[in-house]
**Student:** 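This is the structure I want to talk about, given as structure tokens.
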Amino acid sequence: MKAIVFDAFGGTEVLHEAEIAIPQPGPGQVRVRVQAVGVNPVDGKIRSGVMEAIFPTTLPAVPGGELAGVVDAVGEGVDDLKVGDEVLGWSDTGSYAQYALAPAAVLAPKPVGLEWTNAAALPVASDGAERVLDLLDVTSGEALLIHGASGALGTIAVQLAVARGARVIGTAGPANQEYLTSLGATALVYGDDLVHRVRELAPEGVDAVFDAAGKGALEDSIILRGTTDRIVTTADFRARELGIIFAEGPQRRSAARLAELAQEVADGKLVTTLSATYPLAEAAKAQQASDAGHSRGKIVLTVN
Ligand SMILES: NC(=O)c1ccc[n+]([C@@H]2O[C@H](COP(=O)([O-])OP(=O)(O)OC[C@H]3O[C@@H](n4cnc5c(N)ncnc54)[C@H](OP(=O)(O)O)[C@@H]3O)[C@@H](O)[C@H]2O)c1
């Protein structure tokens with residue numbers, strides 16, 4: 001089968017297409033014929049080698065942690081999925097490939113009518129967004145500030161927070177202000193004088209801060225909160241030294257919750273914006289775009 005492989009850590013030039021063996025599902029696993037793959041910033045971080053201290057990667061490696069596709073073979077002990085089922089969820093063996101293995105327990109049925117690309121955009125972003133909103137304990141009537149609200153995580157986080165009844169102030173660049181408004185946030189341009197500009201929008205203060213950007217807004221967040229409490233980042237590795245919670249894994253990977261959210265996307269109640277789609281063979285271009293850090297919503301690879 002065709003897969004995208006890297007044999008050394010480095011820039012996107014280390015990614016190349018290769019012919020590798022089709023993987024065989026072990027106990028509790030299924031093999032998925034991949035239709036679409038969500039590209040995540042962490043894919044580029046793993047490729048670059050900066051994640052080695054946290055989770056080491058054995059080379060050569062196939063990138064990718066999420067997918068949507070069709071079950072193609074079933075391992076021992078899997079009773080609730082069968083060949084032909086259309087699914088979305090997480091992959092443990094790398095999803096930038098024509099076939100990938102996934103634990104059956106972390107796959108949700110793909111609702112009829114949900115595009116493969118939109119399905120593949122959901123697992124990591126929804127899991128991460130909801131995990132942080134829970135860590136922050138965001139409830140109705142509260143004011144939540146989200147840094148990086150127009151990215152993949154932010155797009156879902158804004159909508160889930162609004163659904164909880166929170167008032168969301170979201171930051172993004174000038175080109176994404178209208179987009180944030182369309183998601184239900186009060187939009188704000190990131191950058192200078194942020195504390196003052198947030199205070200103008202929320203004179204009574206913000207109750208919680210979700211930093212999905214990791215671009216140096218933690219100090220301003222502490223000033224706005226008056227404390228390090230109820231500030232969580234998914235992206236700023238300075239968190240610990242500043243006394244802030246870094247939302248590291250494990251991901252929850254709840255198939256049941258993913259199924260509910262996938263249905264909401266299919267019903268048009270939740271939006272997974274696609275920033276761009278690329279064919280599998282152009283994975284390096286997709287990661288270049290992801291590394292640049294200015295995607296509106298999600299970057300997705302299409303396969304088969
Ligand atoms: N710890 C975990 O469990 C976990 C889970 C998922 C993701 N993550 C991490 O969380 C981060 C966000 O992931 P993602 O998939 O949402 O990334 P993404 O889609 O690449 O985020 C891109 C967005 O960031 C915005 N942005 C760029 N510079 C900014 C700044 N200075 N201030 C505010 N926003 C800025 C961009 O807005 P403009 O285009 O308008 O500039 C763009 O919309 C990544 O670092 C990822 O690795 C962690």
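The analysis underlying the following values was restricted to heavy atoms, covering all of them including side chains, and did not include hydrogens, waters or symmetry mates.
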**Student:** Applying side-chain contact (heavy atoms from CB on, under 4.5 Å), run through Leu258 and Leu107 and close with a yes or a no.
**Tutor:** CA-CA 8 Å; Leu258 182 59; Leu107 294 177; over 6 Å; no
**Student:** How would you list all residue pairs meeting salt bridge (charged side-chain N to carboxylate O under 4.0 Å, His left out) that involve residues 225-241, not counting sequence neighbours?
**Tutor:**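 Only Glu142-Arg230, Glu219-Arg238, Asp236-Arg238, Arg240-Glu248 qualify under salt bridge (charged side-chain N to carboxylate O under 4.0 Å, His left out).
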**Student:** Among all residues two or more places apart in sequence or in another chain, which pass the side-chain contact (heavy atoms from CB on, under 4.5 Å) test with Ser95?
**Tutor:**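 Here the qualifying residues are Val37, Leu67, Ser91.
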**Student:** For Tyr99, does the six-membered ring have the charged nitrogen or CZ of Arg31 within the cation-pi criterion, i.e. under 6.0 angstrom from the centroid and within 45° of the normal?
**Tutor:**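 Arg31 over Tyr99 ring: yes.
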**Student:** Contact between Leu270 and Leu122 at the side-chain level, heavy atoms closer than 4.5 Å - yes or no?
**Tutor:**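 Yes, side chains in contact.
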**Student:** Any ion pair linking Arg253 and Asp92 (charged N to carboxylate O, less than 4.0 Å)?
**Tutor:**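 Yes, this pair counts.
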**Student:** Hey, are the side chains of Leu194 and Val189 touching, using non-hydrogen atoms and a 4.5 Å cut-off?
**Tutor:**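 No. Closest side-chain heavy atoms not under 4.5 Å.
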**Student:** Given Gln287 and Thr12, is the side chain to side chain donor-acceptor pair (under 3.5 Å) satisfied, shown in steps?
**Tutor:** CA-CA 7 Å; Gln287 283 201 1; Thr12 53; over 6 Å; no
**Student:** Got a sec: does the CD of Glu76 have more than 12 other heavy atoms crowding it under 6.0 Å?
**Tutor:** no
**Student:** Is there a path of hydrophobic side-chain contacts, each under 4.5 Å between heavy atoms of I/L/V/M/F/W/Y residues, joining Val162 to Val271?
**Tutor:** no
**Student:** Less than 4.0 angstrom from a charged side-chain N to a carboxylate O is my criterion; do Lys298 and Glu66 meet it?
**Tutor:** yes
**Student:** Indicate the atoms forming the closest heavy-atom contact of Leu133 with Ala161, along with that distance.
**Tutor:**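 So the two residues come closest at CD1-N, 3.7 Å.
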**Student:** In the single-linkage hydrophobic clustering (I, L, V, M, F, W, Y; side-chain heavy atoms under 4.5 Å), do Phe210 and Val158 co-cluster?
**Tutor:**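 Yes; Val158 is reachable from Phe210 via cluster members.
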**Student:** Is it true that a side-chain atom of Glu130 and a backbone atom of Leu160 form a donor plus acceptor pair closer than 3.5 Å?
**Tutor:** no
**Student:** Are Leu183 and Leu188 connected in the hydrophobic side-chain network, where two residues link if heavy atoms are under 4.5 Å apart?
**Tutor:**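 Leu183 and Leu188: separate clusters.
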**Student:** Pro109 versus Glu86: any side-chain heavy-atom pair under 4.5 Å?
**Tutor:**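 Not touching, per the 4.5 Å side-chain cut-off.
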**Student:** Quick one: pull up CG in Leu136 and CD1 in Ile231 and give me the separation to the nearest 0.5 Å.
**Tutor:**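 The distance works out to 9.0 Å.
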**Student:** Let me check something: do Val198 and Ile244 share a hydrophobic cluster, defined by ILVMFWY side-chain heavy atoms less than 4.5 Å apart, either directly or through other members?
**Tutor:** yes
**Student:** Show the numbers, then the answer: is there a salt bridge (charged side-chain N to carboxylate O under 4.0 Å, His left out) between Asp85 and Lys82?
**Tutor:** CA-CA 6 Å; Asp85 284 351; Lys82 60 182 188 318; 2.9 Å; yes
**Student:** CD1/Ile169 to NE2/His147 distance, rounded to the nearest 0.5 angstrom?
**Tutor:** 10.0 Å
**Student:** Count the heavy atoms of every other residue, nucleotide or ligand shown that sit under 6.0 Å from CD of Glu178, and state whether that count exceeds 12.
**Tutor:** no
**Student:** Evaluate the side-chain contact (heavy atoms from CB on, under 4.5 Å) criterion for residues Val14 and Asp7: first the C-alpha distance (whole Å), next the side-chain angles of each, then the deciding distance (0.1 Å), finally the verdict.
**Tutor:** CA-CA 7 Å; Val14 300; Asp7 315 278; over 6 Å; no
**Student:** When rounded to the nearest 0.5 angstrom, what is the spacing between CD1 in Ile4 and CG in Asp43?
**Tutor:**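 If we round to the nearest 0.5 Å, Ile4:CD1 and Asp43:CG are 12.0 Å apart.
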**Student:** Can a donor-acceptor pair be found, under 3.5 Å and without considering hydrogens, that links the side chain of Gln251 to the backbone of Val124?
**Tutor:**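 No.
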**Student:** What closest approach, in Å, do Thr234 and Ala247 show between heavy atoms, and which atom pair accounts for it?
**Tutor:**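 Minimum heavy-atom separation between Thr234 and Ala247: CG2-CB, 4.1 Å.
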**Student:** Look only at the side chain of Glu52 and the backbone of Thr57, and say whether a donor-acceptor pair between them is shorter than 3.5 Å.
**Tutor:** yes
**Student:** Both conditions, 6.0 Å and 45 degrees, for the charged tip of Arg296 above the ring of Tyr179: are they met here?
**Tutor:**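 Yes, cation above the ring, under 6.0 Å and within 45°.
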**Student:** What is the minimum heavy-atom distance between Gly94 and Ala97, and which atoms define it?
**Tutor:** O-CB, 4.3 Å
**Student:** Between Lys110 and Leu114, is there a donor-acceptor pair closer than 3.5 Å when you use the side chain of the first and the backbone of the second?
**Tutor:** yes
**Student:** Any donor and acceptor pair, going by atom type alone, linking the side chain of Glu200 with main-chain N or O of His196 inside 3.5 Å?
**Tutor:**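 Such a contact is absent between Glu200 side chain and His196 backbone.
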**Student:** Nearest 0.5 Å, please: how far is CG in Leu218 from NZ in Lys215?
**Tutor:** 13.0 Å
**Student:** Tell me whether Leu101 is reachable from Leu88 by hopping between hydrophobic residues (I, L, V, M, F, W, Y) whose side-chain heavy atoms are closer than 4.5 Å.
**Tutor:**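 In one cluster with Leu88: Leu101, no.
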**Student:** Examine distances only and state if a side-chain atom of Ser295 and a backbone atom of Ser290 form a donor-acceptor pair shorter than 3.5 Å.
**Tutor:** no
**Student:** Give me the atom names and distance for the closest heavy-atom approach of Ala259 to Ala108.
**Tutor:** N-CB, 3.7 Å
**Student:** Can a donor-acceptor pair be found, under 3.5 Å and without considering hydrogens, that links the side chain of Asp127 to the backbone of Arg252?
**Tutor:** yes
**Student:** Is it the case that the side chain of Arg47 and the backbone of Leu15 share a donor-acceptor pair, with hydrogens and angles ignored and the cut-off at 3.5 Å?
**Tutor:** no
**Student:** Passes side-chain contact (heavy atoms from CB on, under 4.5 Å), Arg167 versus Leu201? Steps please.
**Tutor:** CA-CA 11 Å; Arg167 178 183 166 221; Leu201 291 174; 4.0 Å; yes
**Student:** Less than 4.0 angstrom from a charged side-chain N to a carboxylate O is my criterion; do Arg257 and Glu260 meet it?
**Tutor:**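 Yes.
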**Student:** So Phe6 and Pro63, do their side chains get closer than 4.5 Å, heavy atoms only?
**Tutor:** yes
**Student:** Evaluate the side-chain proximity of Val300 to Trp116: yes if any heavy-atom separation is below 4.5 Å, no if none is.
**Tutor:**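 Side chain of Trp116 against side chain of Val300, heavy atoms only: no contact under 4.5 Å found.
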**Student:** Are Val87 and Val32 side-chain neighbours, meaning at least one heavy-atom pair lies under 4.5 Å?
**Tutor:**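 A side-chain contact under 4.5 Å exists here.
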**Student:** Rounded to the nearest 0.5 Å, what's the gap from CG on Asn40 to CD1 on Ile299? Could you check?
**Tutor:**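 Output value for this atom pair is 9.5 Å.
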**Student:** Using a cut-off of 6.0 Å, state whether more than 12 heavy atoms not belonging to Lys285 lie near its atom NZ.
**Tutor:** no
**Student:** Any donor-acceptor pair under 3.5 Å linking the side chain of Ser48 with the backbone of Lys45?
**Tutor:**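 Yes; at least one donor-acceptor contact below 3.5 Å.
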**Student:** Closest heavy-atom contact between Leu242 and Thr228?
**Tutor:** O-CG2, 3.4 Å
**Student:** Verify the neighbour count for atom CD of Glu115: are there more than 12 heavy atoms of other residues, nucleotides or ligands below 6.0 Å?
**Tutor:**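 Open: at most 12 neighbouring heavy atoms sit under 6.0 Å from CD of Glu115.
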**Student:** To the nearest 0.5 Å, what is the distance between OG1 on Thr302 and OH on Tyr278?
**Tutor:** 11.5 Å
**Student:** Side-chain contact, heavy-atom cut-off 4.5 Å: Val206 with Leu144?
**Tutor:**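 Counting from C-beta outward, Val206 and Leu144 never come under 4.5 Å.
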**Student:** Please lay out, stage by stage, how Val5 and His16 fare under the test side-chain contact (heavy atoms from CB on, under 4.5 Å).
**Tutor:** CA-CA 6 Å; Val5 171; His16 60 92; 4.2 Å; yes
**Student:** Verify the neighbour count for atom CG of Asp137: are there more than 12 heavy atoms of other residues, nucleotides or ligands below 6.0 Å?
**Tutor:** yes
**Student:** Taking all non-hydrogen atoms of both residues, which atom of Gln177 and which atom of Ala172 are closest, and how far apart?
**Tutor:**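 Heavy atoms only, the tightest pair is NE2-O, 3.0 Å.
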**Student:** Would you indicate whether the side-chain heavy atoms of Phe55 and Ile46 approach each other to under 4.5 Å?
**Tutor:** yes
**Student:** Can a donor-acceptor pair be found, under 3.5 Å and without considering hydrogens, that links the side chain of Asp211 to the backbone of Ala213?
**Tutor:** yes
